[in-house]
Protein chains: 2
Amino acid sequence: MDSIDLKIIAALKKNAKQNTKEIASKVGLSVSPTFQRIKKLENQKIIKGYVAVIDQKKLGTGIIAFCQISISKHSKEVIDIFKNVIQDIDEVLECNHVSGSFDFLLKIAVTDMDHYHNVVVEKLTSVDGVLNIQSNFVIEKSKDEYLS
Amino acid sequence: MDSIDLKIIAALKKNAKQNTKEIASKVGLSVSPTFQRIKKLENQKIIKGYVAVIDQKKLGTGIIAFCQISISKHSKEVIDIFKNVIQDIDEVLECNHVSGSFDFLLKIAVTDMDHYHNVVVEKLTSVDGVLNIQSNFVIEKSKDEYLS
DNA sequence: CTTGAAAAATGTCCCGT
DNA sequence: ACGGGACATTTTTCAAG
């Protein structure tokens, strides 16, 4: 792992559909070693995979909300139940267990406020142990990078 | 845009390195129409691009924090200055202007607490108009999908 | 690491239905 | 729109300097 690997990662983080030749010229190597480095990064799972970036506004799910959720007990059971339920809620894009004044920070994509209401009231508040939900809606996203 | 397109999108959202044949079999079409649909989704910018997913823990930046930031004035100038400064802070992965009890929700990746302290104190609190920063650190991420 | 070659796999496009 | 098939490009492997 050196600066060339970091350049390869930076390039693929922006656009994964570049061919090896393009990446090679960006990092100042020829195709062969570039190819080998990419494969190595993939095998080491430093590059975990490749995904398509979807414009959810064009799919009608343009409203993004962050939900701060507090749970009643910090037992493994309550936490595991919550995490399991979350997996099957399509509207939840991201679920982070966090430290601080609340327990989970969720990122949710919905089409409109009825949809949002449905997700929060029907799907989230009904989960065992969920005490409190506080939401913030995204007005504008001004930076976005994907790391996982 | 029909249910087949949605299936294609779902497949590519999980793994963009599948070849057209694999996607075709998943959606129940042959290669040609599948290929044409993918190209159409790309041209319509419903698929905005393809990116590599990087395991930041293996790069040493394993600590993720969400920062709630309040600013002093909701004028266009203050907001624009803040957004501009953010673009050049590598540690900031995401910047959302949100409604609610604070103004911006940032997602930040750092290597350790010194690094975090440096980003918050040196880079964020010094920005004009920044009043208050409250942070929550991610203990565990249990779901993660990428939409933009 | 570089260059270059070659095979296999895939992407891409045209045409018939 | 779909499907088949031909052709172009890339990926992947490999050898020699």
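Worth knowing before you read on, the calculation uses all heavy atoms, side chains too, and leaves out hydrogens, waters and symmetry mates. Since this is a predicted model, take the numbers as computed values, not measurements.
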Once base and sugar-phosphate atoms are separated, protein heavy atoms under 4.0 Å mark nucleotides 10-17 of chain C, 5' to 3', with B, S and - as SSSB----
Taking 4.0 angstrom as the limit, do [X] and [Y] come out as a salt bridge?
{"X": "A/K107", "Y": "B/E94", "result": "yes"}
{"X": "B/E140", "Y": "A/K83", "result": "yes"}
{"X": "A/E91", "Y": "A/K123", "result": "yes"}

For DNA chain C, report each stem as range with range, ordered by first number, or say none. Use Watson-Crick or G-U wobble pairs under 3.5 Å, at least 3 in a row. C:1-17 with D:1-17
Does [X], at its [atom1] atom, have more than 12 non-hydrogen atoms belonging to other residues, nucleotides or ligands within less than 6.0 Å?
{"X": "B/K21", "atom1": "NZ", "answer": "no"}
{"X": "A/N15", "atom1": "CG", "answer": "yes"}
{"X": "A/K73", "atom1": "NZ", "answer": "no"}

Ignoring backbone atoms, test whether A/R37 places a side-chain nitrogen or oxygen under 4.0 Å from the OP1 or OP2 oxygen of C/dC1. yes
Among C/dT3, D/dG3, D/dA1, find the nucleotide with the atom closest to the side chain of A/S30. C/dT3
Distance, rounded to the nearest Å, where A/D2 contributes CG and C/dC1 contributes P: 8 Å
Are A/D103 and A/H74 linked by a side-chain donor-acceptor pair shorter than 3.5 Å? yes
Contacts of A/M113 that satisfy side chain to side chain contact (heavy atoms under 4.5 Å, CB included) - sequence neighbours left out: A/Y116, A/F137
